[in-house]
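One structure is given below, encoded as structure tokens.
We name chains A, B, ... by the order of the sequence lines, and we start the count at 1 in each one. Predicted model, so just to flag it, every value in this text is computed and none were measured. Because only heavy atoms are used, hydrogens play no part in the values below, and waters and symmetry mates are left out as well, while side chains stay in.
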Protein chains: 2
Amino acid sequence: MQIDVPSPAGHLVIGLNAVLAAVEGDHPLVLCARADDGLWGLPYGPFDPESHRTFELGLRAFVTEQTRMRLGYVEQLYTFGDKGREAPSAVLRGGSTADRVVSVGYLALAPGANPIELEATAWRNWYDHFPWEDWRKGEPSILSAQIIPALRDWIESAEDAPLQRQRRDRVRLAFGFETSGWEEERTLDRYELLYEAGIVAEAARDGQIEGTPLQVADAAMSSDHRRILATAIGRLRGKLRYRPIIFEMMPASFTLLDLQRSVEAIIGFPLHKQNFRRGIDNSGLVHKTGNMSAETGGRPAALFTFDRSRTSGKAAQDRTIKGLTLPRLRLSPTEKL
Amino acid sequence: MQIDVPSPAGHLVIGLNAVLAAVEGDHPLVLCARADDGLWGLPYGPFDPESHRTFELGLRAFVTEQTRMRLGYVEQLYTFGDKGREAPSAVLRGGSTADRVVSVGYLALAPGANPIELEATAWRNWYDHFPWEDWRKGEPSILSAQIIPALRDWIESAEDAPLQRQRRDRVRLAFGFETSGWEEERTLDRYELLYEAGIVAEAARDGQIEGTPLQVADAAMSSDHRRILATAIGRLRGKLRYRPIIFEMMPASFTLLDLQRSVEAIIGFPLHKQNFRRGIDNSGLVHKTGNMSAETGGRPAALFTFDRSRTSGKAAQDRTIKGLTLPRLRLSPTEKL
DNA sequence: CTATATATGCTCTAGTTGAGCATTAATAAT
DNA sequence: ATTATTAATGCTCAACTAGAGCATATATAG
């Protein structure tokens with residue numbers, strides 16, 4: 001698990017980082033570990049070229065070792081190699097004094113949040129680190145109150161007109177001004193913009209401040225882990241629409257409301273109930289188990305299961321392989337840019 | 001450009017690989033370089049932690065150096081680290097005797113294929129390496145004639161029933177049997193299946209043969225470059241549908257037929273002309289330049305430009321940021337599985 | 001027996017998509 | 001000139017999809 005090689009100049013270490021996501025009720029969760037610097041971070045470990053035939057095997061090995069969880073669905077996200085965006089404490093556990101740490105991020109999904117018995121490890125609501133991404137109860141107040149004004153300052157502080165224009169266009173796109181509105185899967189775009197503008201704490205930590213550093217209620221994460229988490233959230237949100245990936249996060253059977261709450265937790269905005277069921281229904285992705293759930297608080301709900309063998313039905317003909325048909329949030333921050 | 005460090009055991013080298021894509025008429029092209037083993041490969045170079053602040057900067061630097069081209073649009077694809085899938089000749093130019101080469105693939109787009117004056121470097125039609133991916137003139141004959149039968153053998157040669165079932169499901173999904181049909185963006189899934197089944201030449205080269213090795217008219221590429229190219233094609237195909245990325249590959253002005261031919265070259269199947277124009281039209285992505293093209297062979301066509309500042313128009317209201325609305329190829333290989 | 005909280009069925013309208021007919025405007029071949 | 005041939009463009013039509021919301025049914029908690 002450790003790279004025990006003396007490190008000459010220019011030595012490279014590849015860090016594998018896991019975003020293990022789950023949903024519990026209406027809480028989107030991510031498995032976090034307390035890092036040396038006291039911040040929350042993701043589980044990670046060095047890739048060992050000697051013993052790991054592939055990244056994914058290496059990842060599964062160290063996650064199981066560190067958290068005693070076995071991973072199911074796993075997907076590579078992105079490889080970050082930017083100098084200076086890993087925190088100083090990011091020197092990997094092996095103790096190697098690497099010149100350069102490259103982070104390969106992975107997304108893993110769990111069908112529920114098993115309790116963790118480990119010290120300094122916990123399932124955390126990912127919106128604790130991304131309060132501006134949760135529109136389920138309307139526009140997140142932090143947006144119009146703090147973020148948009150700070151971005152406006154950043155735009156206006158650009159040296160010349162072209163740069164200013166470019167910044168404005170990027171903000172418009174990422175935050176959904178004057179376009180089709182907030183696109184939930186642009187989580188990384190938004191985070192990167194906040195970083196560049198010096199609004200999130202990591203920017204100051206890395207010494208990249210150039211805009212208006214802000215007193216945003218802002219839960220930084222260790223190293224470049226919030227960047228990786230942003231990537232994961234965006235990927236997951238986007239993928240819901242074209243692969244039946246949501247069922248990797250559901251228990252064996254569930255009600256349609258369970259399913260809806262899970263989807264809403266991930267995408268971060270509310271859905272029209274009847275239309276949601278209609279969509280699920282003729283997606284052919286699920287079928288009734290025949291049992292009912294009594295724990296609804298109202299009329300009992302039918303329980304459903306993911307239909308892995310859906311080759312039948314008219315709907316299955318077409319929609320199948322795809323994911324869920326979801327509408328768009330048609331809102332934008334109310335504060336003008 | 002070279003890692004001049006003595007390599008202890010376990011030393012890692014990160015290779016940056018560029019898929020530089022362009023379209024010329026109805027030919028989808030990729031910039032290739034002749035590798036040491038005589039096969040075509042992609043331009044690549046080692047990532048130098050000393051001088052490159054980010055991967056992307058490193059990539060841009062060595063591509064410009066090697067091919068004298070300046071890259072515009074660039075996007076990271078995937079990081080491959082599987083032991084044994086780089087060819088023996090994959091030891092990077094620096095001459096380092098690395099134990100392990102990790103490949104980071106990038107997709108770069110060019111608005112045309114400028115002629116290359118370099119030795120052993122050429123724009124090549126990517127379907128030369130993926131003949132089964134081009135359905136523009138109907139089902140590629142290689143599919144039913146060779147590939148499907150070979151995959152059938154591979155499925156049947158599975159040791160036990162569960163494995164057999166799993167293989168069959170994967171093939172069904174990747175090649176569009178009994179589902180919504182051929183999904184053009186699954187290029188990588190299909191290539192990986194052919195690799196695992198021992199059907200493509202790289203599998204034999206890497207010593208991974210386990211199925212029926214085949215005499216497919218099959219243009220292998222150096223190292224893991226065909227895998228990277230498959231990733232690039234799939235990503236590009238998928239992205240056409242949700243980002244206006246096609247315009248990165250078009251000249252400043254073009255006719256709608258030019259645009260359609262370019263899209264068809266990429267997605268690999270023909271489109272309904274009138275519907276295509278209607279779609280482009282109310283996407284709000286382009287507008288007429290006012291000039292006409294005489295070189296159509298028929299009635300002169302209006303010339304269009306990509307409208308980068310589309311914040312106007314009713315259609316722009318919604319569709320905008322998105323890409324093109326494209327139909328699906330509703331076909332599957334005719335040979336039964 | 002009456003709120004309350006969901007679950008579930010259904011309808012209505014506007015818009016989108018897949019196909020294809022018809023017409024217009026160039027060039028190339030009698 | 002006339003007549004193919006090749007595309008560019010305009011339009012229509014039916015089937016389907018998506019966004020909203022009304023109406024009912026069936027539990028549990030007073």
Side-chain angles (χ1 to χ4, degrees), chain A residues 25-26 180-181 241-242 253-261 263-264 267 269-284 286-304 313-320 322-331, chain B residues 25-26 180-181 241 253-261 264 267 269-284 286-304 313-320 322-331:
Chain A
D26 57 2
S180 30
R241 291 177 188 273
Y242 60 96
S253 78
F254 46 82
T255 68
L256 293 184
L257 186 58
D258 291 338
L259 185 62
Q260 184 179 346
R261 294 279 174 261
V263 171
E264 289 171 336
I267 63 179
F269 63 87
L271 298 171
H272 178 111
K273 185 167 181 165
Q274 296 96 316
N275 290 349
F276 179 79
R277 350 176 84 238
R278 178 179 58 188
I280 295 299
D281 191 59
N282 50 31
S283 75
V286 302
H287 61 71
K288 290 188 180 176
T289 64
N291 300 319
M292 305 289 277
S293 166
E295 309 150 21
T296 54
R299 172 175 168 177
L303 286 167
F304 289 78
K314 56 180 180 191
Q317 198 63 23
D318 173 76
R319 186 81 41 179
T320 300
K322 304 195 185 302
L324 311 180
T325 304
L326 302 174
R328 288 288 176 184
L329 177 63
R330 286 128 168 290
L331 304 173
Chain B
D26 56 2
S180 31
R241 293 178 187 272
S253 79
F254 47 83
T255 67
L256 292 184
L257 186 58
D258 291 339
L259 185 62
Q260 184 179 344
R261 294 278 174 260
E264 290 171 335
I267 63 180
F269 62 87
L271 298 171
H272 178 112
K273 186 168 181 165
Q274 296 96 315
N275 290 347
F276 179 79
R277 351 175 85 238
R278 178 179 58 189
I280 297 298
D281 191 59
N282 50 32
S283 75
V286 302
H287 62 71
K288 290 188 179 177
T289 62
N291 300 319
M292 304 291 275
S293 165
E295 309 149 22
T296 54
R299 173 175 168 176
L303 286 168
F304 289 79
K314 56 179 180 190
Q317 198 64 24
D318 172 76
R319 187 81 41 177
T320 300
K322 304 194 183 302
L324 311 181
T325 304
L326 301 174
R328 287 288 177 183
L329 178 63
R330 289 130 167 285
L331 303 173

Could you state the atom-to-atom distance from [atom1] of [X] to [atom2] of [N] in whole Å?
X      : N      : atom1 : atom2 : answer
B/L271 : C/dG18 : CG    : P     : 10 Å
A/Q260 : C/dA7  : CD    : P     : 9 Å
B/R277 : C/dG18 : CZ    : P     : 17 Å
B/F276 : D/dC11 : CZ    : P     : 20 Å
A/N282 : D/dA15 : CG    : P     : 18 Å
B/H272 : C/dT17 : NE2   : P     : 14 Å

Legend entry - Where B/F276 and B/L256 come nearest, the two heavy atoms and their spacing: CE2-O, 3.7 Å
Measure from the side-chain N and O atoms of [X] to the backbone N and O of [Y], and report whether any donor-acceptor pair falls under 3.5 Å.
X      : Y      : value
A/D281 : A/R278 : no
B/R241 : B/P327 : yes
B/E264 : B/D26  : no

Legend entry - First of A/R328 and B/R299 reached from the 5' end of DNA chain D, by closest nucleotide: B/R299
Legend entry - Position toward the 5' end of DNA chain C (nearest nucleotide), B/P327 or B/P300: B/P327
Inset, instruction - For B/G298 and for A/R261, locate the closest nucleotide of DNA chain C by heavy-atom distance; then report the residue assigned to the nucleotide nearer the 5' terminus. - result: A/R261
What's the closest nucleotide to the side chain of [X] if the choices are [options]?
X      : options               : value
B/N275 : C/dG20, C/dT8, D/dA20 : C/dG20
B/K273 : C/dT8, C/dG18, D/dA7  : D/dA7
B/Q274 : C/dG18, D/dT9, D/dG19 : D/dT9

Legend entry - Touch class at under 4.0 angstrom, heavy-atom based, for B/L256 against every strand present: nothing
Inset, instruction - May I ask you to verify whether the side chain of A/R278 and the base of D/dG19 hold a donor-acceptor pair under 3.5 Å? - result: yes
